[in-house]
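Here's the structure we're looking at; comments come further down.
Letters go in sequence order (proteins before strands), and every chain restarts at 1.
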Protein chains: 2
Amino acid sequence: MTAASPGDLVAEQLGRLLLRSTRQHLYLRLVAGVDGLDVATYPVLSGLGRLGPTTATHLASVIGVDRSATTRYASKLEAGGLVRRTVDPGDARATRLALTPAGTTALTATRRALSAAMDDVLSGWPAAEAAAFAASLERFTNRLEGMGGVDR
Amino acid sequence: MTAASPGDLVAEQLGRLLLRSTRQHLYLRLVAGVDGLDVATYPVLSGLGRLGPTTATHLASVIGVDRSATTRYASKLEAGGLVRRTVDPGDARATRLALTPAGTTALTATRRALSAAMDDVLSGWPAAEAAAFAASLERFTNRLEGMGGVDR
DNA sequence: TATTGTTATACTCTATAACTATA
DNA sequence: TATAGTTATAGAGTATAACAATA
């Protein structure tokens with residue numbers, strides 16, 4: 001028996017984080033009270049916030065669902081006034097998805113809620129550990145992405 | 001404009017980790033080649049490994065799906081010879097779910113694959129940073145669980 | 001009466017395939 | 001011919017409700 005490597009420890013925790021219960025609880029809390037937003041459409045809203053205005057195909061690859069689901073969720077958000085469609089200036093085949101002001105407001109609210117929850121989780125940590133963890137986590141996520149585990 | 005707090009940074013990375021693409025890529029890689037195991041039944045197998053023999057109701061609460069789905073996935077794994085059902089000694093209503101030797105073997109294989117992937121992600125990190133990250137991540141997950149974001 | 005496991009049913013999420021328009 | 005978006009359809013995944021057995 002060898003001692004648990006950092007990889008073993010990280011593997012176990014990542015397994016717990018990726019459980020359905022984790023995202024369900026978290027997403028439900030985030031979208032609660034935001035009109036026109038639900039667990040399925042949240043990644044679309046969030047992805048648009050991260051990418052800025054972009055096409056459905058690109059957004060689909062980033063959030064990990066295919067074009068057809070992405071365009072349907074975008075329609076749902078559009079119906080709720082959170083997303084706007086415009087023709088891509090450079091390619092008439094493509095549609096440019098973008099947040100409306102209401103969409104930006106909704107996204108800001110969910111981000112604030114998530115950040116507050118994370119601040120809560122990190123409360124009581126030594127400032128140095130919290131900062132180091134945040135930096136390492138970003139490094140970790142970027143590396144995962146590079147390996148194909150997380151899309152950009 | 002204030003600087004991004006650790007909570008802001010962690011929130012952003014957690015959002016990326018919880019995307020469908022992350023778990024889909026990871027889970028697909030883990031269950032590939034393991035007979036009788038798929039993305040839906042993997043949490044059941046993994047949960048049984050973490051908890052040891054337990055009831056469907058308890059397992060369901062841990063993996064974040066309800067009793068009926070858990071029992072159906074358990075049946076699938078049982079059909080594949082990875083899980084065994086026995087009557088709970090202390091309560092004849094309850095069924096004790098447990099891994100078979102084949103189930104343990106399959107779980108070991110997936111764990112090894114995940115740990116190897118994590119070692120790969122952490123390769124090139126200073127040993128101190130990797131160890132600190134692993135420890136902080138465990139602390140983080142435990143705190144999330146305590147807030148209801150992750151079930152035990 | 002309450003709880004466990006299970007099954008029947010329905011609903012949600014998502015992918016595949018087909019269609020239209022543009023490149 | 002290839003690609004973007006969309007829509008129609010089908011298939012997973014999951015929850016709700018109802019049942020039988022036991023507490």
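In this structure, B:Tyr73 does not reach the D:dG13 phosphate: none of its side-chain N or O atoms is under 4.0 Å from OP1 or OP2.
For residues 76-117 of chain A, the set of pairs meeting the ring pair (Phe, Tyr, Trp, His ring centres under 6.0 Å) definition, not counting sequence neighbours, is empty. Residue pairs satisfying the ring pair (Phe, Tyr, Trp, His ring centres under 6.0 Å) criterion with at least one member in residues 68-127 of chain B, sequence neighbours excluded, are listed as follows: B:Trp125-B:Phe133.
Atoms CG (A:Leu19) and C1' (D:dG13) sit 16 Å apart, rounded to a whole Å. In this structure, the CZ atom of A:Arg85 is 16 Å from the P atom of D:dA4, given to the nearest Å. Distance B:Leu77 CG to C:dT6 P: 13 Å, rounded to the nearest Å. To the nearest angstrom, P of C:dT12 lies 14 Å from CG of A:Leu28. Atom CD in B:Gln24 sits roughly 14 Å away from atom P in D:dA12 (whole-Å rounding). Straight-line distance from the CD1 atom of A:Ile63 to the C1' atom of C:dA15: 14 Å, rounded to whole Å. Regarding B:Arg20, its CZ atom lies at a distance of 10 Å from the P atom of D:dT14, rounded to whole Å.
Residues from residues 36-47 of chain A placing a heavy atom under 4.0 Å of any atom in DNA chain C, listed by number, are A:Ala40.
A donor atom on one side chain and an acceptor atom on the other are not found under 3.5 Å apart for A:Thr22 and B:Arg23.
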Problem set entry | Under 4.0 Å protein heavy-atom contact, by nucleotide of nucleotides 16-23 of chain C - B base, S sugar-phosphate only | B-----BS
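Looking at residues two or more places apart in sequence or on another chain, you find a salt bridge (Lys or Arg N to Asp or Glu O under 4.0 Å) between A:Arg93 and A:Asp91.
Set against D:dG5, C:dA15, C:dG5, the side chain of A:Ala56 has D:dG5 as its closest nucleotide.
We find the CG-CG distance between B:Leu77 and B:Leu99 to be 9.0 Å, quoted to the nearest 0.5 Å. Atom CG in B:Leu114 sits 5.0 Å away from atom CG in B:Leu30 (nearest 0.5 Å).
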For this session: Could you give me the CA-CA distance, side-chain angles and deciding distance for A:Arg50 and B:Glu12, then say whether salt bridge (charged side-chain N to carboxylate O under 4.0 Å, His left out) is met?
Result: CA-CA 9 Å; A:Arg50 234 176 311 121; B:Glu12 187 178 339; 5.6 Å; no
Problem set entry | Full working for side chain to side chain donor-acceptor pair (under 3.5 Å) between A:Ser46 and A:Arg111 | CA-CA 9 Å; A:Ser46 172; A:Arg111 278 185 172 156; 5.9 Å; no
For this session: Mind running side chain to side chain donor-acceptor pair (under 3.5 Å) on B:His25 and B:Ser21 for me, showing each step along the way?
Result: CA-CA 6 Å; B:His25 283 144; B:Ser21 47; 5.2 Å; no
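Looking at heavy-atom distances under 4.0 Å, A:Thr55 makes contact with sugar-phosphate atoms alone, never a base. Nucleic acid contact class of B:Thr57 (heavy atoms, under 4.0 Å, all strands): sugar-phosphate only.
A:Arg139 places none of its side-chain heavy atoms less than 4.5 Å from the side chain of B:Leu122.
The environment of B:Arg85 atom CZ is dense: over 12 non-hydrogen atoms of other residues, nucleotides or ligands sit within 6.0 angstrom.
For the helix from C:dT1-D:dA23 to C:dA23-D:dT1, the end axes, each set by the C1' atoms of five terminal pairs, are bent relative to each other by 0° (nearest 10°).
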